[in-house]
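Whatever order the structure lists ligands and atoms in, that order sets their numbers, starting from 1. One-based numbering along the sequence shown.
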Amino acid sequence: MSKFQGVWVFIEQLAGEVAPVSWELLGAGRTLADNLEGELAGVLLGHEVKHLVSEVWAYGADKVYLIEDPVLQFYRTAPYARALVQAVKEYQPEILLLGATSLGRDLSGAVATALGTGLTADCTGLAIQPETRFLEQTRPAFGGNVMATILCRRHRPQMATVRPRVMPMPSRREGRRGELVRVDVTFDADEARAEVIEIITEKNKAVYLDRAEIIVAGGRGVGSKENFALLEELAGVLGGTLAASRAAVEAGWLPPEYQVGQTGVTVRPKIYFAIGISGAIQHLVGMQGADVIVAVNNDPDAPIFKIATYGIVGDFREVVPALTAEFRLR
Ligand code: FAD
């Protein structure tokens, strides 16, 4: 397996706009590559996307593998998988990381199958095991009741997808330069099989939780849809966004796209208010990366207090309006 070298990150782009998770993975990939004393590379596919190469260097890649072809203008599984598989076979990276986005989830499965290697989906942690130098891939398992560490012992590359916002955003170094390698891939005429007729951008998408810097989240303890108005007021004063636990979503108090957690969105805000949320592991995996966690709960033994930066024991109906009034003054 020693012929496999280096860490690759798939740079996901749509119409020249790179998905931020790709930069987050370059940050994580940097640490892995340094631990392996290897190289970090970005692999960029698309049509006329060369202008993005300098961005990939700026976010820490030593090398960019660039595959350009008109057939890659819009994402379709078959040509993207074929191009990535060919590049992997030619250059043999030891590790290949993709964002756990809709595109990344689709592509990673097709690529892993074609390469006959393993794939750990939706990782929440990545590290190099010191003794074996294998990639330790951590993800929730058994309904989120355990955190499993998964190793790919016999096949290479070791492939993982990671959810957006799980890894911190690395700093960008303007003017940083690396190496560019063009990979030529020949596509068959009927390669794409599907034709993209039109791209419709969803309008009025309610929330972009994964990029929110201030989140005010409510759980079952909030008690009703009407009571969320108190949280909305606090969010309004702080310029924040509302969110919810699954219990609150299932009660119909907020729509599903507001759900934080294992089966919802992963968030990494500067500050996360957890109000009337007990702190089940399935909720924690989606928000424990927040810089500051403020928990409001009337049960002093609620598990959320174990990870909270600030804990306020009390009825949210008293605590939240007091917080809103105080922040309004500042
Ligand atoms: P509860 O656990 O019922 O907690 C309510 C809290 O409110 C309590 O701590 C209580 O003390 C407090 N409270 C009550 N009244 C007040 C008051 N007046 N003032 C202040 N505090 C008060 N959950 C998620 O959130 N996201 C997920 O993505 C997710 N995915 C899941 C996936 C699987 C496979 C499974 C099995 C479960 C998943 N869950 C998820 C559910 C999870 O296990 C919990 O059931 C859920 O998070 C509980 O939500 P909660 O904290 O709002 O409610």
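- A 4.5 Å side-chain heavy-atom check between L84 and F10 finds at least one atom pair inside the cut-off.
- At least one donor-acceptor pair closer than 3.5 Å links the side chain of R82 to the backbone N or O of T186.
- Using modelled atom types, one finds no donor on one side chain facing an acceptor on the other under 3.5 Å when comparing Q5 with E94.
- Protein residues lining ligand 1, listed by chain and number: G143, G219, R220, G221, S245, R246, A247, Q259, V260, G261, Q262, T263, G264, G276, I277, S278, A280, Q282, H283, N297, N298, D299, G314, D315, F316, R317 [non-hydrogen atoms, distance under 4.0 Å].
- Under a 4.0 Å N-O distance rule, the pair E24/R268 does not qualify as a salt bridge.
- The pair D122-R163 counts as a salt bridge, with a side-chain nitrogen and a carboxylate oxygen less than 4.0 angstrom apart.
- D291 and Y272 share no side-chain donor-acceptor pair at under 3.5 Å.
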